[in-house]
Amino acid sequence: MSGLLSVFFHLLFLFKLVAPVTFRHHRYDDLVRTLYKVHNECPYITRVYSIGRSVKGRHLYVLEFSDNPGFHEPLEPEVKYVGNMHGNEVLGRELLLQLSEFLCEEFRNRNQRIVRLVEDTRIHIMPSMNPDGYEVAAAQGLNISRDLVGRNNANGVDLNRNFPDLNTYIYYNEKYGGPNHHLPLPDNWKSQVEPETRAVIQWIRSFNFVLSANLHGGAVVANYPYDKSLEHRVRGFRRTANTPTPDDKLFQKLAKVYSYAHGWMHQGWNCGDYFPDGITNGASWYSLSRGMQDFNYLYTNCFEITLELSCDKFPRQEELQREWLGNREALIQFLEQVHQGIKGMVVDENCNNLAEAVISVSGINHDVTSGDHGDYFRLLLPGTYTVTATAPGFNPQTASVTVGPGEPKLVNFQLKRSVPQAAPTRRVPNPGHGGRVLPKKMQPRAARKKEMEVRQPRRGPA
């Protein structure tokens, strides 16, 4: 009998270890406990870290999944999920906690799909970018509308209207010429943004993210860049108009992957709106300036879309399980999309890694760069492309690449240093001879003496 009790308690202990997150809303302290609970259950493939603090001092926690947590492995892409940017849009927050528990549990169960995903990808999950706003929204009674309460941060600022506006510069550059990627920030950008926004910007500068999704609520649709309309303002408002990026077809495909893997998003009719295939260009829906998804695309190598996941911004607790089942497969499939296109190393003749080398694809006016380890990732649809790698002081190298629908094609570049051309002999024009260049022996003595000083370095003290 004692043996049976021992087995029973052992099984009960194991069940507690793998028990899924309860389908309930998690306040800040509960969220923190859940993240550390997952880490304690899967310590060898997870890491909890903070990218900064909110206005009220709450940590902006991230849970990382990797077979080597805390380190970037060359040629292993980085992908992120960000939830709860608007404090009262809470489903994304709960889904990301569920996803964290699911990845841990399935990895321990040796689910080969999840094992492969964790081993080949570095995944960063931020359940809440706006913990202060969430606490305000969660404190409201059930009979009080949460459509606006808690949306903004503690300073009353909408974080999805708080990033530096880089769209204005890219629209100008597309018309008149200029950089098409990694646009510079204004010198005073830190004073123009909120603590949460500043933390996220510094975060995405520190990691070479390739793919991302930002989880919202209030509609059911996968929204892709650009968010800001190119059309001119009319009576203070920017008119809605389809405003595609150079990677428009790729973004549509990424959005459709989520929509069609979702339980009902792809049907189009949701929340009184209709979106064909359950996707939309952001600016064709409504124009949004200084948003996070456009900023990711224009400032980093990261391709981000926005996922609107529920009609009710703060769904009832009883609805959470249904929402999880409707989103689970889509969340996994979207992570897997980071493994497409091309990737590779950029090195010099001595096999030293070259960071910030520019990778250009002919016909697509948006470049990406190699990371600190010399590796690059370029998401592409199946097809044949002409790809060029360039770096200052090196000769460019071009390759023709055929991309298939499966794993990314490995395309490495080894750049040779450009041979500096000898500077032409310097000649001094003589103003007294109509600006003509005179032979050296006919140049003024002062000019000849100055050239000799340049050619013969001074001797130091004996």
Side-chain angles (χ1 to χ4, degrees), residues 81-82 85-86 89 92 158 160-161 163-175 180-181 183 210-234 237-262 264-311 330 333-334 337 340-341 361 363-366 368 379-381 383:
Y81 275 135
V82 178
M85 185 182 200
H86 290 144
E89 298 174 13
D158 186 333
N160 207 29
R161 312 289 191 281
F163 286 78
D165 180 10
L166 300 182
N167 294 74
T168 300
Y169 297 106
I170 197 66
Y171 296 158
Y172 178 90
N173 292 350
E174 287 176 350
K175 186 173 182 180
N180 65 16
H181 66 107
L183 301 184
V210 180
L211 183 64
S212 174
N214 178 15
L215 281 60
H216 284 251
V220 178
V221 64
N223 174 102
Y224 56 90
Y226 289 122
D227 262 338
K228 183 175 180 178
S229 172
L230 182 58
E231 294 292 324
H232 297 295
R233 288 181 176 271
V234 177
F237 294 95
R238 195 171 286 272
R239 289 188 298 179
T240 61
N242 185 57
T243 306
T245 69
D247 287 286
D248 186 57
K249 291 182 179 179
L250 174 61
F251 272 118
Q252 288 189 44
K253 188 248 187 177
L254 292 171
K256 284 182 180 179
V257 164
Y258 198 94
S259 175
Y260 276 88
H262 186 277
W264 50 89
M265 183 183 288
H266 59 278
Q267 296 172 0
W269 285 107
N270 289 291
C271 317
D273 297 315
Y274 178 70
F275 299 102
D277 295 314
I279 69 171
T280 185
N281 172 263
S284 69
W285 184 14
Y286 63 91
S287 184
L288 184 161
S289 183
R290 303 183 68 188
M292 187 163 72
Q293 77 172 5
D294 287 5
F295 182 84
N296 269 267
Y297 183 67
L298 297 176
Y299 185 62
T300 74
N301 290 323
C302 189
F303 288 55
E304 178 170 289
I305 68 172
T306 300
L307 300 172
E308 302 280 353
L309 297 177
S310 60
C311 303
Q333 280 198 30
F334 187 80
Q337 295 308 299
Q340 64 174 300
V361 179
I364 303 177
N365 189 30
H366 182 80
V368 299
L379 301 180
L380 293 168
L381 294 174

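Residues: numbered from 1 along the sequence shown.
Contact check for Asp165 versus Lys228: side-chain heavy atoms found under the 4.5 Å cut-off. Using a 4.5 Å heavy-atom cutoff, the side chains of Arg290 and Asp158 are not in contact. Leu183 is listed as a side-chain neighbour of Asn173, based on a closest heavy-atom distance under 4.5 Å. Proximity of Leu298 to Tyr169: side-chain heavy atoms (C-beta onward) are nowhere separated by under 4.5 Å. At a threshold of 4.5 Å between non-hydrogen side-chain atoms, the residues Trp285 and Val221 count as touching. Side-chain contact between Thr245 and Phe303 is absent, with no heavy-atom pair separated by less than 4.5 Å. Side-chain contact check for Tyr224 versus Asp248: some heavy-atom pair is nearer than 4.5 Å. Tyr297 places none of its side-chain heavy atoms less than 4.5 Å from the side chain of Ile170.
Using a distance-only test at 3.5 Å, with no hydrogens or angles considered, a donor-acceptor pair links the side chain of Asn281 to the main chain of Ser284. In this structure, Asn160 contributes its side chain and Met292 its backbone to a donor-acceptor pair below 3.5 Å. Looking at His366, its side chain does come within 3.5 Å of a backbone N or O of Asn180 through a donor-acceptor pair. The closest donor-acceptor contact from the side chain of Ser259 to the backbone of Asp277 lies under 3.5 Å. Between the side chain of Thr300 and the main chain of Asn296, a donor-acceptor pair closer than 3.5 Å is present. In this structure, Gln293 contributes its side chain and Thr306 its backbone to a donor-acceptor pair below 3.5 Å.
Side-chain rings of Tyr299 and Phe163 stay apart, their centers remaining 6.0 Å or farther from each other.
Between Gln337 and Leu254, the shortest heavy-atom distance links the atoms CB-CD2, 3.7 Å. The shortest heavy-atom contact between Ser229 and Tyr171 is O-CE1, 4.0 Å. Here the closest non-hydrogen pair linking Tyr81 and Ala330 is OH-O, 4.4 Å. Across all their heavy atoms, Ser212 and Cys302 have their closest contact at CB-SG, 3.4 Å. Nearest heavy-atom pair, Gln267 versus Tyr274, reported as atom, atom and distance to 0.1 Å: O-CE1, 4.0 Å. What you find for Val220 and Phe275 is that their closest heavy atoms are O-CD1, 4.3 Å.
Taken to the nearest 0.5 Å, the CE atom of Met265 stands 5.0 Å off from the CG atom of Leu309. Expressed to the nearest 0.5 Å, how far CZ of Phe295 lies from CG of Asp227 amounts to 14.0 Å. Between atom CD1 of residue Ile279 and atom CG of residue Leu307 there is a gap of 12.0 Å, rounded to the nearest 0.5 Å. Distance check: Leu381 CG to Lys249 NZ gives 8.5 Å after rounding to the nearest 0.5 Å.
Neither side chain, Asn223 nor Glu308, offers a donor N or O lying under 3.5 Å from an acceptor on the other.
Asp294 is linked by a side chain to side chain donor-acceptor pair (under 3.5 Å) to Asn167, counting only residues two or more places apart in sequence or in another chain. Applying the side chain to side chain donor-acceptor pair (under 3.5 Å) criterion to His262, with sequence neighbours excluded, gives Asn327.
Aromatic ring pairs are classed by plane angle as parallel below 30°, tilted from 30° to 60° and perpendicular above 60°; the pair Tyr260 and His266 is parallel.
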Practice item. Would you check, one step at a time, whether the test side-chain contact (heavy atoms from CB on, under 4.5 Å) holds for Gln340 with Leu250? Key: CA-CA 11 Å; Gln340 64 174 300; Leu250 174 61; 4.1 Å; yes

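Checked options Val368, Asn301, Leu379; the residue passing with Val210 is Leu379 (criterion: side chain to side chain contact (heavy atoms under 4.5 Å, CB included)).
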